[in-house]
Amino acid sequence: EVRLEESGGALVQAGGSLRLSCAASGLIFDDYGIGWFRQAPGKEREALVCITNVDGWTEYADDSVKGRFTISSDRAKETVDLQMNSLKPEDTAEYYCAAEALPGGCKFMNAYGNYVSHWGQGTQVTVST
């Protein structure tokens with residue numbers, strides 16, 4: 001059974017930084033793309049960024065986080081982290097990691113997010129003014 005477990009969500013002041021982590025188990029790590037999504041209250045879930053674990057190829061789905069959010073993959077630990085800098089109140093949301101097997105991987109995830117195969121339970125990020 002594929003399991004994804006997010007951690008690292010917290011309350012942080014605007015301008016601050018936070019690092020989220022997604023621990024994956026029950027899958028062959030290199031055979032997947034793993035990405036991060038978020039859902040703010042009253043809004044649809046949106047894709048942010050995805051990484052293909054085998055080669056580290058990164059694809060952003062949301063230009064508003066480019067330059068502020070960085071995704072990374074640790075193949076030894078089988079974790080995917082999201083480093084978030086210069087946080088804004090509008091970044092407040094529940095953050096989810098998701099996994100999609102190759103060959104679809106990140107391209108599928110960023111194009112058809114609601115149909116991604118595997119999801120974590122989410123971690124809350126709140127950015128205060």
Side-chain angles (χ1 to χ4, degrees):
E1 178 189 3
V2 175
R3 292 192 64 182
L4 303 171
E5 185 171 356
E6 303 94 337
S7 62
L11 171 63
V12 63
Q13 286 190 329
S17 297
L18 208 56
R19 190 175 185 90
L20 306 183
S21 188
C22 174
S25 61
L27 51 72
I28 299 174
F29 196 69
D30 281 357
D31 287 350
Y32 280 78
I34 293 182
W36 287 92
F37 291 70
R38 67 184 178 189
Q39 186 168 21
K43 294 189 177 181
E44 292 187 357
R45 186 164 51 192
E46 60 175 344
L48 298 176
V49 60
C50 181
I51 189 166
T52 301
N53 293 322
V54 66
D55 59 9
W57 181 260
T58 298
E59 297 187 39
Y60 283 86
D62 185 344
D63 286 344
S64 73
V65 303
K66 272 186 181 179
R68 298 191 301 125
F69 291 9
T70 303
I71 193 169
S72 60
S73 176
D74 187 324
R75 296 168 72 192
K77 295 180 180 178
E78 297 193 341
T79 57
V80 173
D81 288 357
L82 183 68
Q83 177 67 40
M84 304 186 295
N85 299 326
S86 302
L87 283 163
K88 306 174 182 179
E90 51 263 43
D91 293 319
T92 294
E94 188 81 7
Y95 283 70
Y96 299 88
C97 68
E100 185 66 29
L102 300 179
C106 288
K107 289 196 182 300
F108 181 92
M109 185 177 301
N110 288 343
Y112 306 107
N114 288 332
Y115 298 97
V116 170
S117 299
H118 308 287
W119 293 93
Q121 293 299 305
T123 187
Q124 177 66 37
V125 172
T126 303
V127 184
S128 64
T129 55

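In R3, the CZ atom is not crowded: 12 or fewer heavy atoms of neighbouring residues, nucleotides or ligands sit closer than 6.0 Å. Applying the 6.0 Å contact sphere to CD of E5 captures no more than 12 heavy atoms from other residues, nucleotides or ligands. The environment of CD in E44 is sparse: at most 12 heavy-atom neighbours from other residues, nucleotides or ligands sit within 6.0 Å.
Between the side chain of T52 and the backbone N or O of G33 there is no donor-acceptor pair closer than 3.5 Å. Here the side chain of T58 pairs a donor or acceptor atom with the backbone of G56 at under 3.5 angstrom. The backbone N or O of Q121 sits less than 3.5 Å from a side-chain atom of E6, completing a donor-acceptor pair.
With hydrogens and angles left out, the side-chain atoms of Q13 and S128 include no donor and acceptor closer than 3.5 Å. Checked by atom type, the side-chain pair Q83/D81 shows no donor-acceptor distance below 3.5 Å.
Within the structure, no pair that satisfies the salt bridge (charged side-chain N to carboxylate O under 4.0 Å, His left out) test touches residues 120-129, not counting sequence neighbours. Residue pairs meeting the ring-ring contact (aromatic ring centres under 6.0 Å, His included) criterion with at least one partner in residues 53-109, sequence neighbours excluded, are F108-Y112. Every pair tested for salt bridge (charged side-chain N to carboxylate O under 4.0 Å, His left out) that includes a residue from residues 113-129 fails, sequence neighbours excluded, so the list is empty. Legend: disulfide (SG to SG under 2.5 Å) pairs involving residues 44-73, not counting sequence neighbours, sorted by first then second residue: C50-C106. For residues 53-83, the set of pairs meeting the disulfide (SG to SG under 2.5 Å) definition, not counting sequence neighbours, is empty. Sorted by first and then second residue, the pairs that involve residues 27-51 and meet ring-ring contact (aromatic ring centres under 6.0 Å, His included), not counting sequence neighbours, are F37-W119.
For R45, there are no salt bridge (Lys or Arg N to Asp or Glu O under 4.0 Å) partners at least two apart in sequence or on another chain. Looking at residues two or more places apart in sequence or on another chain, you find a side chain to side chain contact (heavy atoms under 4.5 Å, CB included) between A10 and L18. In terms of the side chain to side chain donor-acceptor pair (under 3.5 Å) criterion, residue partners of D91 (sequence neighbours excluded) are, by chain and number, R38, R68. By the side chain to side chain donor-acceptor pair (under 3.5 Å) test, T70 pairs with no residue at all, sequence neighbours left out. In this structure, the side chain to side chain contact (heavy atoms under 4.5 Å, CB included) partners of S7, at least two apart in sequence or on a different chain, are S21.
Once rounded to the nearest 0.5 Å, the distance linking CZ of R19 with CG of L82 reads 8.5 Å. Going from atom CE of M109 over to atom CD1 of I51 covers 11.5 Å, rounded to the nearest 0.5 Å.
The heavy-atom pair separating I71 from G35 by the smallest distance is CD1-CA, 4.4 Å. Minimum heavy-atom separation, A14 to P89: CB-CD, 4.1 Å. Scanning both residues, A98 and V116, for their nearest heavy atoms gives CB-CG1, 3.7 Å. Scanning all heavy atoms of the two residues, the minimum distance from L4 to A99 falls at CD1-N, 3.6 Å. The two atoms that bring G9 and V125 nearest to each other are CA-CG2, 4.2 Å, heavy atoms only.
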I would like to know whether Q124 and L11 meet side chain to side chain contact (heavy atoms under 4.5 Å, CB included); could you show each step before the answer?
CA-CA 8 Å; Q124 177 66 37; L11 171 63; over 6 Å; no

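Grouping the Ile, Leu, Val, Met, Phe, Trp and Tyr side chains by contacts below 4.5 angstrom, directly or via other members, places V12 with L48.
The hydrophobic side chain of I28 is isolated, with no ILVMFWY side chain under 4.5 Å apart from it.
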